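Report on the structure given below.
Chain letters run A, B, ... following the sequence lines, proteins first and then strands; every chain starts at 1. Keep in mind it's a predicted model, so treat the numbers as computed, not measured.
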2 protein chains.
Amino acid sequence: MATIKDVAKRAGVAISTVSYALNNSPRISAATKKKVEEAAKALNYKKNGFASDLKRTKTNTIALLLSDLSGPFYSDLIQGVQDVTSANGYDLIACSSIGGVQSTAVKFLTEKRVDGAIILAHNISDAITLDAAQHGSPLVVLDRYLENESIYHVEVDNIQGGYHATEYLINHGHKQIAYISGPAASHDNVQRYKGYRKALENYKITYQSKWDIASDFTREGGYRATKLLIAQRNLPRAIFYANDEMAVGGLQAFKENKISVPDDISIIGYDDIQLSEYVSPPLTTIKQPKYEVGALAAHLIFQLLGGEKTDHHYKLSTELVERKSVRHVSDE
Amino acid sequence: MATIKDVAKRAGVAISTVSYALNNSPRISAATKKKVEEAAKALNYKKNGFASDLKRTKTNTIALLLSDLSGPFYSDLIQGVQDVTSANGYDLIACSSIGGVQSTAVKFLTEKRVDGAIILAHNISDAITLDAAQHGSPLVVLDRYLENESIYHVEVDNIQGGYHATEYLINHGHKQIAYISGPAASHDNVQRYKGYRKALENYKITYQSKWDIASDFTREGGYRATKLLIAQRNLPRAIFYANDEMAVGGLQAFKENKISVPDDISIIGYDDIQLSEYVSPPLTTIKQPKYEVGALAAHLIFQLLGGEKTDHHYKLSTELVERKSVRHVSDE
DNA sequence: CTGTTAGCGCTTTCAC
DNA sequence: GTGAAAGCGCTAACAG
C-alpha cells in the first residue's frame, strides 16, 4: 500500500504538503495540488483512516448498537438515526451486541472508536455502559434508565401506551380484559403492564390474575399463551397483547379454534409492525414513534458533540391506530 | 483519557510491560500482571482501538455494505453473515452507502478500515469497488459481476428462478402471462426477466409486449402497474411480479376492482418476504436462499483471509413456495 | 506557499 | 522477566 510518504516522494514535495493538498487546504497552490493529486492517483494512494483518526482523536462516526442487526423491528428507528446522522455529515455504523462482552458493539463502546453511540441492546450490561460513559463521549440509551452525567435517554411513554390500549378496550364496552405479557425482564413490557393496571384501576375494573398471562414477545409465545387461555375455557372478552408479534400468534390460535376476532373476542396489539395491517382482521394496535426516537437520539448526540446542553431525558408519546380487531360490545 | 503511559507510570513499570501484561503475554510474571491490571482498573484505562489497529495493520473486522441499513429485506442475509463472522471471532459492522461517494460505506471501503467487505449496494459504483479491490483485502460482491483478482461473487440463480416461476404458471394451464418488472437497471430484475422469456420460449408461448410492464420493485409501483393493466382491459390470465412487494400492491389493485385472485387471475411473486404468507390470498412465490448467501459470503472472506484459494463465483438456487395465489385453469 | 518536525497510543524487536 | 526505543501513517504547529 502506498503511503503519504510515497506520494510526497513521487510528487517531489514534503509530506505535509501532500496532507494539506489532499485535505483541500487553501494554503496550497493549484499547481502543487494538481501535482500531488496526480501522484496520488498514479500510486493508487488511499489514506489510512486509522492513522488519521488517531491523530485527530476524532472519528466523525457514531455507532448504533443493536442487540440484533437483523431485526426488521428496527427499520424505522435506523432510518431516523441515519437521516440525521448523514444530515450532520457524520458516518454511521451499526453493530450487534451478540456475543456479549466479546461483541463488536461492546468493543466499539469501550475502545473509543466512535464519537458517540446510541444503544438499544439489552444484553449490554449496565456496568459496561456506565463504564463507557466515563470516556466522555455522549451516549444515548433507549432501552433503560441509567443515572449518569454523559448518558442521555429517549424513551417512548409505554405506560401511557398501555393505558390507552386498555382504555380503548374499556371504551368499547369491555370489562374482561386479559394481558399477555412479554418477558418479565423487559422494561418495555413492565411499562405497558403498568399502563394496563392503571387503566383497570381508573375505570374500577377488578384485576383478575387468571387473565394475566406470561409470554415472551414472540409469535410462537403468543400462540401458545392464547391456546392455553382457550384450553382453560377461560376466555375474557378482550385481550391486550404486549406486542403485535404475539397478537399475530394469537390470531392464528383463534383461527384454528374457530373463534372469531372481533366477533367473539376483541384484541389489541402494540408496536404497529408492518404485518399488523395485513393480518385478518387487521390489528388495532399502539404505534410507537420509532423514527422520531431514532432521529431525536441522533440529534441529541450532535447537540452534545457541539457542546450544547440538553435535558437528560425525553419522552415521546404513542398513538393508537384503529383497525378491525376490536368490536364494541354492550354491557356484559 | 488514560493512556498506556499513565498505566505504566502508576504501576511503576515500562510501557511495553503494560502492553504485554494486558495482552496476556506469557513473558510477564503473575505479580507484575496483577499490578498492571490494578493500575489499569484504577485509571479506568481502555486501549485505543485505532492505535492498536494502526500498529498491527489488521482490524479484525469485516464490513457489510448495504444500500440502506433499514431494509427489512436484508434480515436473513445479515443473519447469515453475522453468524459466520462471529463464529470466526471477527467483528462485523454494517454501514449504509446512502450518500454515494461521501457515504460511510465508501469510506470504509477505501480507507482500509476493515479486513474484508461484503457489498450489496448498487449505488456504490463499479469504479470505486474495483479501486477498493486494489487494496488486496477480499471483497465479496453480491449484486453484480465484476472481473477482478480479489473480487468474489455469490449470486442466486435468478434466471432459473424466473424460469421456474413462469414454468409453474404454464404448468397450471396458463398461456397469457404478464411480467411486471423491476427497474431496468436492476441486475436481479434483468435475470428474472430472462428466465421468464426463456420459459415462454421453451413452452412455445408467444411473447406479447403488451404484457411486459415496467415498474420499480415498490408496492406502490406494483399497484399502479396493475391498475394500468386493469384500466386497459388488457388482463392476462396470470401475472409474474418481479418481486413480492409489487405483487402485494397488485393484490390491492385487484381487490379494489373486485377481481378475484386466484379465481379470475393467478399471480406469482418473487422473494418470499414475510408478508407474502399473510396477504390474502397467501402469495405463491420464489424464495431466495438469503441466509445461505450471507453465510457463504462471509465464509469466503475468511477462507481468503486465511490464505486459501477459492472459486471466484458461486451460484445458489431458488425454491418455489407454493401458496394460494395461483389456480389451475383448463385450456383457454 | 511549502517544508521540518513532533507526536497521536500502541506493538514489538532487541538488549539487558 | 522487564525496559528502551523505533515506528505504524497521518496531522498540524511552527518556521521559513
Side-chain angles (χ1 to χ4, degrees), chain A residues 1-40 43-61 107-108 110-115 134-137, chain B residues 1-37 39-40 43-61 107-108 110-115 135-137:
Chain A
M1 278 293 304
T3 75
I4 197 173
K5 226 164 165 174
D6 303 319
V7 179
K9 194 179 294 167
R10 172 147 186 153
V13 297
I15 291 181
S16 58
T17 305
V18 176
S19 176
Y20 286 130
L22 262 22
N23 290 307
N24 297 313
S25 161
R27 331 169 33 159
I28 302 294
S29 72
T32 314
K33 185 168 172 184
K34 193 165 168 211
K35 211 165 54 181
V36 170
E37 278 167 351
E38 275 164 5
L43 293 167
N44 190 23
Y45 166 76
K46 295 280 146 39
K47 86 155 134 189
N48 181 314
F50 296 123
S52 143
D53 285 347
L54 172 59
K55 183 66 195 178
R56 300 185 324 185
T57 53
K58 176 155 171 10
T59 64
N60 233 267
T61 98
K107 194 152 151 192
F108 271 81
T110 56
E111 293 187 2
K112 197 172 172 354
R113 287 164 188 265
V114 288
D115 294 345
Q134 306 308 320
H135 286 220
S137 35
Chain B
M1 276 293 305
T3 75
I4 197 171
K5 226 165 164 174
D6 303 319
V7 179
K9 195 179 294 168
R10 172 151 186 148
V13 298
I15 291 180
S16 57
T17 305
V18 176
S19 175
Y20 286 129
L22 262 22
N23 290 305
N24 298 313
S25 161
R27 327 168 39 161
I28 302 294
S29 72
T32 314
K33 185 167 172 184
K34 195 168 166 210
K35 211 166 50 182
V36 170
E37 277 166 353
L43 293 166
N44 190 22
Y45 166 77
K46 295 281 147 38
K47 87 157 135 189
N48 180 315
F50 295 125
S52 129
D53 285 347
L54 172 58
K55 185 68 196 181
R56 300 185 324 189
T57 55
K58 178 155 172 4
T59 65
N60 232 268
T61 100
K107 192 152 149 194
F108 271 80
T110 56
E111 294 187 358
K112 194 169 175 349
R113 286 164 187 267
V114 289
D115 293 345
H135 286 220
S137 37

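The salt bridge (Lys or Arg N to Asp or Glu O under 4.0 Å) test applied to Lys112(A) returns no partner, not counting sequence neighbours.
Scanning atom types as modelled, no donor and acceptor separated by under 3.5 angstrom connect the side chain of Tyr20(B) and the base of dA4(D). One can find a donor-acceptor pair under 3.5 Å joining the base of dG7(C) and the side-chain atoms of Lys55(A).
In this structure, Lys112(A) atom NZ and dC8(C) atom P are separated by 14 Å, rounded to whole Å. Taking atom NZ of Lys9(A) as the reference point, atom P of dT2(C) lies 21 Å away to the nearest angstrom. Atoms CD (Glu111(A)) and C1' (dC8(C)) sit 16 Å apart, rounded to a whole Å. Rounded to an integer number of Å, the gap from Tyr45(A) OH to dG9(D) P is 10 Å. Regarding Asp6(A), its CG atom lies at a distance of 11 Å from the P atom of dC8(D), rounded to whole Å. If you measure from atom CG of Asn23(B) to atom P of dG9(C), you get 17 Å, rounded to the nearest angstrom. The separation between Ile4(B) atom CD1 and dG7(C) atom P is 18 Å, rounded to whole Å. Atom pair Ile15(B):CD1 and dT13(C):C1' shows a separation of 15 Å (rounding to whole Å applied).
Taking 4.0 angstrom as the limit, Ser16(A) places none of its side-chain polar atoms (N or O) nearer than this to OP1 or OP2 of dG3(C). Taking only side-chain nitrogens and oxygens, Lys47(A) comes nearer than 4.0 Å to OP1 or OP2 of dT11(D). An OP1 or OP2 oxygen of dC8(D) is reached within less than 4.0 angstrom by no side-chain nitrogen or oxygen of Asn48(A). An OP1 or OP2 oxygen of dC8(D) is reached within less than 4.0 angstrom by no side-chain nitrogen or oxygen of Thr3(A). For Ser19(A) and dT11(D), the shortest distance from a side-chain N or O to OP1 or OP2 is below 4.0 Å. For dC10(C), the OP1/OP2 oxygens have no side-chain nitrogen or oxygen of Lys5(B) closer than 4.0 Å. Not one side-chain nitrogen or oxygen of Ser52(A) sits closer than 4.0 Å to the OP1 or OP2 atom of dG9(D). Phosphate contact (OP1/OP2 of dG1(D), side-chain N/O of Ser29(B), threshold under 4.0 Å): absent.
Note on Leu54(B): a base of the nucleic acid sits closer than 4.0 angstrom, heavy atoms only. Base engagement by Arg27(B) is indicated by at least one non-hydrogen atom pair under 4.0 Å involving a base atom. Within the 4.0 angstrom heavy-atom criterion, no nucleotide atom of any strand lies near Asp53(A).
One distance of note links NZ of Lys33(A) with OG of Ser25(A); it measures 9.0 Å at 0.5 Å rounding.
More than 12 heavy-atom neighbours from other residues, nucleotides or ligands sit within 6.0 angstrom of NZ on Lys58(A). By the neighbour-count criterion of 12 heavy atoms within 6.0 Å, atom NZ of Lys9(B) is sparsely surrounded, having that number or fewer from other residues, nucleotides or ligands.
Heavy-atom minimum distance, Arg113(A) versus Asp53(B): NH1-OD2, 2.7 Å.
Shown are Val18(A), Thr17(A), Asn48(A); of these, the side-chain contact (heavy atoms from CB on, under 4.5 Å) with Ile4(A) is made only by Val18(A).
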